[in-house]
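Below is one structure, written out as structure tokens; comments come after it.
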2 protein chains.
Amino acid sequence: MPTEREIELFKLKAEMCKTFSDYKRLLIINQLRYGEKQVGELADILKLPQAIVSRQLALLRNKGVVTPRREGINVFYRLTDEKIIEACDLVHEVLLNRLAKNREQADRYL
Amino acid sequence: MPTEREIELFKLKAEMCKTFSDYKRLLIINQLRYGEKQVGELADILKLPQAIVSRQLALLRNKGVVTPRREGINVFYRLTDEKIIEACDLVHEVLLNRLAKNREQADRYL
DNA sequence: CTCCATATATATAAATAAATATATATACAA
DNA sequence: TTGTATATATATTTATTTATATATATGGAG
């Protein structure tokens, strides 16, 4: 049985993972892979309304996933920790493995 | 701008990440770190009702995160891919970094 | 300094999805 | 058929997403 403290940590982890549970946020994170980008720039690239991008960035920001930097009228966002990309890439691999397995399974019925 | 196919992949990734966005499911995943466990065993260890554990396992199973193995009356669950643990550990590190930063920040105001 | 334009953030309401508790169903072995 | 382990259904509560509108922050012109 986990201790209270462990449970608290798992709750924090769950909250961080929750920020990865929306594809638009994953798209945003992916855009920040190679460096910082402005809010409007993200909205343009992803063809999403500014308010949506800003809202999602706020969520990511509150959970410490991204960090803003204001430069005059613009705000640049970057990933707070590069390990976030590593984690996303691992999930990508797991997903591909799973899809490959499904494919195999499907093939057996052809 | 991402392609339709890319967006589909990100949606699948988001769905998988969504399974990590609940602390009970993270507790379950953590229990499976070193090998398979039965449903009732998990319920006992985590002090959760059987129906809840079974339901959460069903979610994880549907997204390919865990795999069941029936042995008579019992069902053993294991992680489908060990990379899941690596990903969770990365999130753990990111979280610790973040907490450390907050601590630093807090210290500056003491 | 005031007014305006631009970039970003937030508030709110409506729609949608998820979690929980409780009850019930299924699967298997004796 | 009975007991044990696991799974599912449903209703209720609670949280999340989206769209729309509005607010704030900053820099520049006059």
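Side chains included, hydrogens not; waters and symmetry mates left out as well; all remaining heavy atoms used.
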field: Flag side-chain contact, heavy atom, 4.5 Å: His92(B) against Leu9(A)
entry: yes

- request: Using atom CG of Asp44(A) as one end and atom C1' of dT6(C) as the other, report the distance to the nearest whole Å.
  value: 13 Å

- prompt: Roughly how many Å is it from CD in Glu15(B) to C1' in dA18(C), rounded to a whole number?
  reply: 13 Å

- request: Using modelled atom types only, decide if a donor and an acceptor are shared between the side chain of Arg70(B) and the backbone of Gly72(B) within a distance under 3.5 Å.
  value: yes

query: Above 12 or not: heavy atoms from other molecules or residues under 6.0 Å from CZ of Arg5(B)?
result: no

- prompt: Testing Leu57(B), Thr67(B), Val65(B) for side chain to side chain contact (heavy atoms under 4.5 Å, CB included) with Tyr77(B), which one passes?
  reply: Leu57(B)

- request: Work out which heavy atom in Gln50(B) is nearest to a heavy atom in Ala43(B); give both atom names and the distance.
  value: CA-CB, 4.2 Å

Sugar-phosphate, base or nothing in reach of Tyr23(B), heavy atoms under 4.0 Å: nothing

- prompt: Side chain of Asn30(A), backbone of Leu26(A): donor and acceptor closer than 3.5 Å?
  reply: no

- request: Using atom types as modelled and distance alone, determine if a side-chain donor or acceptor of Ser54(B) lies under 3.5 Å from a backbone N or O of Ala51(B).
  value: no

query: Hey, are Lys37(B) and Asp44(B) close enough for a salt bridge, meaning a charged N less than 4.0 Å from a carboxylate O?
result: no

- request: Would you give a per-nucleotide map of nucleotides 25-30 of chain D, 5' to 3', where B means the base has a protein non-hydrogen atom under 4.0 Å away, S means only the sugar-phosphate does, and - means neither?
  value: -BS---

field: Rounded distance in Å - CG (Leu60(B)) to P (dA18(C))
entry: 14 Å

Check: protein-nucleotides 8-17 of chain D nitrogen or oxygen pairs below 3.5 Å:
residue : atom : partner  : partner atom : Å
dT16(D) : OP1  : Lys18(A) : NZ           : 3.0
dT17(D) : OP1  : Arg25(A) : NH2          : 3.3

- prompt: Rounded to the Å, how far apart are Leu57(A) CG and dT18(D) P?
  reply: 14 Å

